[in-house]
Amino acid sequence: MIKANGWLSGLVGVVIFSGSLPATRLAVAGFSPLFLTTARATLAATAALFLLFACRQPKPDRGDLFSLTVVAVGVVIGFPLLTAVALQNATAAHSLMYLGFLPLCTAAFAVWGGERRPQAAFWFFALIGGAIVAGYALMAKESQASWRDLLTIAAIVLCGAGYAQGASLARRLGGWQTIAWALVLALPIMLPIATLTLPRSFRLIAFSAWAGLGYVSLFSMLIGFIFWYQGLAKGGAATVGQLQLLQPFIGFVFAALFLHESISGMMVACAFGALCCVAGAKKYA
């Protein structure tokens, strides 16, 4: 029952995260990547501080500082900044394709960090799922390698490390407490940079850019992690992390709805294949 709840919480988190890159694409049309990254972290940290004080949460132990730093570097700074830079000149759909590698990164970091090793069949389905997404990326018209792709891959590696460390912390601190303390840890760096990189004028910034900033600040940076880290803590980072195979294809729907990017039959076929791999990974976790 606990594992089932973990998968359900993880799925809610994945659906929320699936809107992150499309929302970032909207936001970078009006804000610089550096301001967007620091502003979203500052806004989320403000909400996190309120929650921590309102719920009278105890401070983490000193021994948790390294893990919180990994979470902050991975999911508060690294992934948002690198993907924002990449999305200045790439479509959300193109960047979403590479998120299929995120489950493998999360699982690898989780097992490296001492989590229970899944069965061999789990790794089979995980690799097949990653191969499906990689195959789609290679067949896509926009799949020519570029520095933007390298930035996206680097972002995924950092994010996988942050997810794995966050899952371990969430078992002790709690799901929302983990991301809240990571945001607070990053706040002394992010707030001054956000202040220094403020746009010269807000008059010409479109509503869609503000909406994108709002989404990544509250949903991507805080609310999504409440469900995600709870799911990883209950069901295991390596196993529940396979739900991320669905993220590119849910993200395609958001990209089509809000960015008017096209969805091909190949996307639908790959989405079905990824869904089968998630089901297989869940069975042998």
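Below, all heavy atoms of this structure are taken into account, side chains as well, without hydrogens, waters or symmetry copies.
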Side chains of residues 182-190: which donor-acceptor pairs under 3.5 Å do they make with residues two or more places apart or in other chains?
none

Scan [range] for pairs that pass side-chain hydrogen bond (donor to acceptor under 3.5 Å, both in side chains), counting only residues two or more places apart or in two chains.
range	result
residues 196-205	none
residues 34-60	Gln57-Gln177
residues 150-160	none

What about the rings of Phe227 and Trp176, do their centers lie closer together than 6.0 Å?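 Distance test on ring centres: not under 6.0 Å, no.
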Report the hydrophobic cluster partners of Leu204, with the cluster defined as I, L, V, M, F, W, Y residues connected by side-chain heavy atoms closer than 4.5 angstrom, directly or transitively.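 Besides Leu204, the cluster holds no residue at all.
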Connected-component partners of Leu259 among ILVMFWY, side-chain separation under 4.5 Å: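 Besides Leu259, the cluster holds Leu26.
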Flag for Ser67-Gln165: side-chain donor and acceptor within less than 3.5 Å: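 Judged by distance alone, the side chains do pair up.
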Can you list everything that forms a side chain to side chain contact (heavy atoms under 4.5 Å, CB included) with Ile205? Sequence neighbours excluded, please.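 Residues passing side chain to side chain contact (heavy atoms under 4.5 Å, CB included) with Ile205: Phe31, Pro199, Phe202, Ala209, Trp210.
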Please identify each residue that fulfils side chain to side chain contact (heavy atoms under 4.5 Å, CB included) with Asp61, with sequence neighbours left out.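 Counting only residues at least two positions away or on another chain, Asp61 forms a side chain to side chain contact (heavy atoms under 4.5 Å, CB included) with Asp64.
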Contacts under 3.5 angstrom, residues 74-87 side chains, donor-acceptor by atom type, not counting sequence neighbours:
| unit_1 | atom_1 | unit_2 | atom_2 | d |
| --- | --- | --- | --- | --- |
| Thr83 | OG1 | Phe79 | O | 2.6 |
| Thr83 | OG1 | Pro80 | O | 3.2 |

List the atom pairs, with distances to 0.1 Å, where a side-chain N or O of residues 217-225 and a protein N or O form a donor-acceptor pair under 3.5 Å, not counting sequence neighbours.
| unit_1 | atom_1 | unit_2 | atom_2 | d |
| --- | --- | --- | --- | --- |
| Ser217 | OG | Leu213 | O | 2.7 |
| Ser220 | OG | Ser20 | OG | 2.7 |

